[in-house]
Amino acid sequence: MQSESTTTYMVSFKTGPGFITVEAKDNKLTRISFKNTKEQRENEFIRKLKKDIQSYLRGEKVSFGYPLDFSSLTPFQIKVFKLLQEVPYSKTISYKELAKKAKTSPRAAGRILASNPFPVIIPCHRVINSSGALGGFSGGLDWKKYLLKIERVEGF
DNA sequence: GGCACACACGAAC
DNA sequence: GTTCGTGTGTGCC
């Protein structure tokens, strides 16, 4: 049985660095992106999530314990994202270190992060070049800088 | 299925 | 600063 009984809920809202959109199916987070959609379909779950993100962006330390929908990802991607979730608030890790944990190459690790469906929740902004440079970010480097600053990471 | 190519890197020159 | 090795995903064929 694979009925379409689940509805996709989504909401966009403006924050400091720009718009952010969250999408969820029932009580599972399916995607976060940095765009603005006109369509707004809220439910309790997504309202709470929005509130949490707004708190986080105000500098509050929020632990996002939301269930994530990994169903469209490869086992390896899931592995990397789970490892990344272990990186604590206001700490950073290099692509190299992350790659080591995941037993892969730094290049490959970056490749995975570029496809992160849950930026912010999965803290890909905490991954930077071992040279100290920022690396990249799907929503643009302004976002990355902003997030690091919020978390009071040294040097930002 | 296989293969070529693109990459949010890093290390060596 | 440039070049080369590198692992994974994606999209061709």
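Convention: sequence-line order gives letters A, B, ...; per-chain numbering from 1. Keep in mind that this is a model prediction, so the values were computed, not measured.
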Undergrad: Which nucleotide in the list C/dG7, B/dA8, B/dG10 gets nearest to the side chain of A/Cys124?
TA: B/dA8
Undergrad: Whole-Å distance between C/dT6 P and A/Tyr95 OH?
TA: 21 Å
Undergrad: Rounded to the nearest angstrom, tell me the gap between atom CZ in A/Arg111 and atom C1' in C/dT10.
TA: 7 Å
Undergrad: Ring centroids only, cut at 6.0 angstrom: are A/Phe137 and A/Tyr146 within range, meaning strictly under it?
TA: no
Undergrad: Between A/Leu83 (CG) and C/dG7 (C1'), how many Å, whole number?
TA: 15 Å
Undergrad: Is the ring centre of A/Phe118 less than 6.0 Å from the ring centre of A/Tyr66?
TA: no
Undergrad: Within this structure, what is the NZ-to-C1' distance between A/Lys79 and C/dG7, rounded to whole angstrom?
TA: 12 Å
Undergrad: Counting the atoms with a prime plus P, OP1 and OP2 as sugar-phosphate, which does A/Ile112 contact under 4.0 Å by heavy atoms, base, sugar-phosphate, or nothing?
TA: sugar-phosphate
Undergrad: To the nearest Å, give me how far apart CG (A/Leu98) and P (B/dG10) are.
TA: 10 Å
Undergrad: For the backbone of A/Lys25 and the side chain of A/Asp69, can you confirm whether one donor and one acceptor N or O come within less than 3.5 Å of each other?
TA: no
Undergrad: A/Trp143 CH2 to B/dA8 P: how many Å, rounded?
TA: 20 Å
Undergrad: Between A/Arg126 and A/Glu151, does at least one N-O distance fall below 4.0 Å, as a salt bridge requires?
TA: yes
Undergrad: Could you tell me which nucleotide pairs with B/dA8 by Watson-Crick or G-U wobble geometry, both distances under 3.5 Å, or answer none if nothing does?
TA: none
Undergrad: For a quick test of reading the model: is some side-chain N or O of A/Asn129 closer than 4.0 Å to OP1 or OP2 of B/dA8?
TA: no
Undergrad: What's the separation between atom CH2 in A/Trp143 and atom OG1 in A/Thr15, rounded to the nearest 0.5 Å?
TA: 3.5 Å
Undergrad: The side chain of A/Arg107 lies closest to which of these nucleotides: C/dG5, C/dT8, B/dA8?
TA: C/dG5
Undergrad: Which whole-number value in Å describes the distance from A/Lys100 NZ to C/dG7 C1'?
TA: 17 Å
Undergrad: Quickly work out the A/Phe81 CZ to C/dG9 P distance and round it to whole Å.
TA: 10 Å
Undergrad: Could you check which nucleotide pairs with C/dT6 in any of the strands shown, counting Watson-Crick or G-U wobble with both distances under 3.5 Å?
TA: none
Undergrad: Counting only side-chain nitrogens and oxygens, does A/Thr74 get under 4.0 Å of the OP1 or OP2 atom of C/dG9?
TA: yes
Undergrad: Counting just side-chain N and O atoms, does A/Lys96 come under 4.0 Å of either OP1 or OP2 of B/dA11?
TA: yes
Undergrad: With nearest nucleotides of DNA chain C determined for A/Ser115 and A/Thr104 from heavy-atom distances, which residue corresponds to the more 5′ nucleotide?
TA: A/Thr104
Undergrad: Return the nearest nucleotide to the side chain of A/Phe76; candidates are B/dA11, C/dT8, B/dA8.
TA: C/dT8
